[in-house]
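Structure record follows, encoded as structure tokens.
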There are 2 protein chains.
Amino acid sequence: MSDAYYLHLTDRLREQLKDPDAFEDGRLPSERVLAERFDTTRVTLRQALGQLEGEGRIHRSNRRGWFVSPPRLDYDPTRDSGFNDYVTAQGRRPRTEVLLTDVQAYPPAAQALGLAAQTPLYHIRRRRFVDERAVLSESMWVVPERAPGLLEEGQFGVSLWAELRGRYGLTLAHRELRFYSESLGEQAARELGVAMGSPGLTVRRATFDEQHRPIGYDEERWLHNALCITVTLKNKP
Amino acid sequence: MSDAYYLHLTDRLREQLKDPDAFEDGRLPSERVLAERFDTTRVTLRQALGQLEGEGRIHRSNRRGWFVSPPRLDYDPTRDSGFNDYVTAQGRRPRTEVLLTDVQAYPPAAQALGLAAQTPLYHIRRRRFVDERAVLSESMWVVPERAPGLLEEGQFGVSLWAELRGRYGLTLAHRELRFYSESLGEQAARELGVAMGSPGLTVRRATFDEQHRPIGYDEERWLHNALCITVTLKNKP
DNA sequence: TAGTGGTCTAGACCACTCT
DNA sequence: GAGTGGTCTAGACCACTAC
């Protein structure tokens, strides 16, 4: 089965991808051009592109084209250092857009925090970019009692955690993280400018203070090949 | 774009999947049958199946068919409790096969452990099952000085970490973990009985003792929808 | 041997982006 | 308006699994 033609195409494309300068603006030729060049149909060519997408080497922007993927971002979700900090530290350019702030009940957040399902929570939805590529769609819910007035004044473009620490004196003492691989749903796909069903990685995080009182909960939807999650642990848990 | 026909198919199939008893042995009807039932072609039907696969609801076994996926396994890679233990604790049935043991140099392992690239290491390759579904293909490299004679006597079907702790008195004090989403390569796909390019999740882990001497390194390739990685942290790192 | 999914052809139309 | 990827048709043959 290793002699499928689309696998030959992935081999040849992989070879070409080793020289990133071969593609202007990191953009691949159109599917029709590639299909003709390799003397095959778009269906087969797309199978090869899908394979390389799964490997994390290329990605697509909805109806715009295929692009060479940059190296994955290293991301340590156990730290509350800001997105801007670690993106910059890796020589990349961060940007954040606030899409929405409101007050809403969100049962999954409430459950993770041990609250009643209909508890109203501050809600902030953001979209984050690395080198002007949208890689992360994030929703954060904060317990209002822990950060009264947060929505009125917060600079959400910067680190929300820094805000919680600095302005409200909160200590993030206890964290429960879950991550899993799941394709992107309609909303996240739209916000990230990719086709629905594109591969994604989800991070959910519940945070508590020293007295184990709930602080907040967030859900992050990443483009699957944009990141590598890194965790370093001393001692046994 | 939300009115694509394959999305209607996913909706209808999702509905049917809510009643698992509707499928004998958790097996879906064949692609040809489903395509006819929904009055479409196999190409479109497969697009719908691929979508549900990405969502983690169904999975395929190479050339055997499509199956309803069981709930994800919760997995905490920061603990060295054995696979058998946490699978059993979740009411599932674990099984392990040893595929290979040998001595080899593996530069990525050596690099992660801070050793010379060509350092010979004990190597153990295993395949692990949950409820008789192969979900994990794993390679482990151990520094020979830390566990002399490991390959001669080890019971690799049980916990390798328990072996290292019990027989060699090793303390796993420091761990460096990396995980990322990446489609399965040829070897892992074959071992897991899925098509090459199927979505996967990779976990890499380097382990050190209290003196920060390297103990071992392992690479795990999971079926992407078989697990949810869970990490709980007290205090700030 | 029958049935399955895996691969592939040669087209077509549509929704969207770019300029 | 030109070009792109997204979706879809109606077939075909092949490699492999299960019996």
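First the proteins, then the strands, lettered A, B, ... as listed; each starts at 1. What you see is a predicted model, and the numbers here were worked out from it, not measured in a lab.
Other residues, nucleotides and ligands contribute over 12 non-hydrogen atoms within 6.0 Å of the CD atom of B:Gln16. Heavy atoms of other residues, nucleotides or ligands lying less than 6.0 angstrom from CG of B:Asp19 number more than 12.
Taking atom CD of residue B:Glu31 and atom P of nucleotide D:dA10, one finds them 17 Å apart after rounding to whole Å. Residue A:Leu45 contributes atom CG, which lies 13 Å from atom C1' of D:dT4 at whole-angstrom precision. Between the P atom of D:dC8 and the CG atom of B:Leu49 lies a distance of 13 Å, rounded to the nearest Å. Between the CE atom of B:Met196 and the C1' atom of C:dG6 there is a distance of 13 Å, rounded to whole Å. One interatomic measurement links the two molecules: CZ of A:Arg46 to P of C:dT7, which rounds to 16 Å at whole-angstrom precision. Taking atom CD on B:Glu186 and atom C1' on D:dA15, their separation rounds to 14 Å, with Å as the unit. Atom CD in A:Glu36 sits roughly 15 Å away from atom C1' in C:dT9 (whole-Å rounding). Rounding to whole angstrom units, NE2 of residue A:His59 and C1' of D:dG5 are separated by 14 Å.
Comparing C:dG5, D:dG6, C:dC8 against the side chain of A:Tyr6 picks out C:dC8 as the nearest. For A:Tyr5, counting side-chain heavy atoms from C-beta on, the closest listed nucleotide (D:dC8, C:dG6, C:dC8) is C:dC8. Picking from C:dC8, C:dG5, C:dT17 the nucleotide with the shortest atom distance to the side chain of A:Arg63 gives C:dT17.
Each of A:Arg64 and A:Val43 was matched to the nucleotide of DNA chain D holding its nearest heavy atom; the match closer to the 5' end belongs to A:Arg64. Positionally, the nearest nucleotide of DNA chain C for B:Leu28 lies more toward the 5' end than for the other of A:Asn62 and B:Leu28. Residue A:Pro29 is the one, among A:Pro29 and B:Asp39, whose nearest nucleotide of DNA chain D lies closer to the 5' end (criterion: closest heavy atom).
A:Arg60 comes within 4.0 angstrom of the backbone, heavy atoms only, and of no base. Residue contacts shown for A:Thr41 include a base, since a base heavy atom lies under 4.0 Å away. Within the 4.0 angstrom heavy-atom criterion, only backbone atoms of the sugar-phosphate kind lie near B:Thr40; the bases stay farther away.
Taking only distance into account, the side chain of B:Arg32 meets the base of C:dG5 through a donor-acceptor pair shorter than 3.5 Å. In this model, no side-chain donor or acceptor of B:Arg42 finds a partner on the base of D:dG11 within 3.5 Å.
Ring geometry, B:Phe67 versus B:His59: the interplanar angle falls under 30°, so the pair is classed parallel (tilted spans 30 to 60°).
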Between B:Arg125 and B:Ser137, does the side-chain hydrogen bond (donor to acceptor under 3.5 Å, both in side chains) criterion hold? Intermediate values first, please. CA-CA 8 Å; B:Arg125 188 163 182 95; B:Ser137 156; 3.0 Å; yes
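Within the structure, a side-chain polar atom (N or O) of A:Thr44 is placed less than 4.0 Å from OP1 or OP2 of C:dT9.
No side-chain heavy atom of A:Arg133 sits under 4.5 Å from any side-chain heavy atom of A:Asp131.
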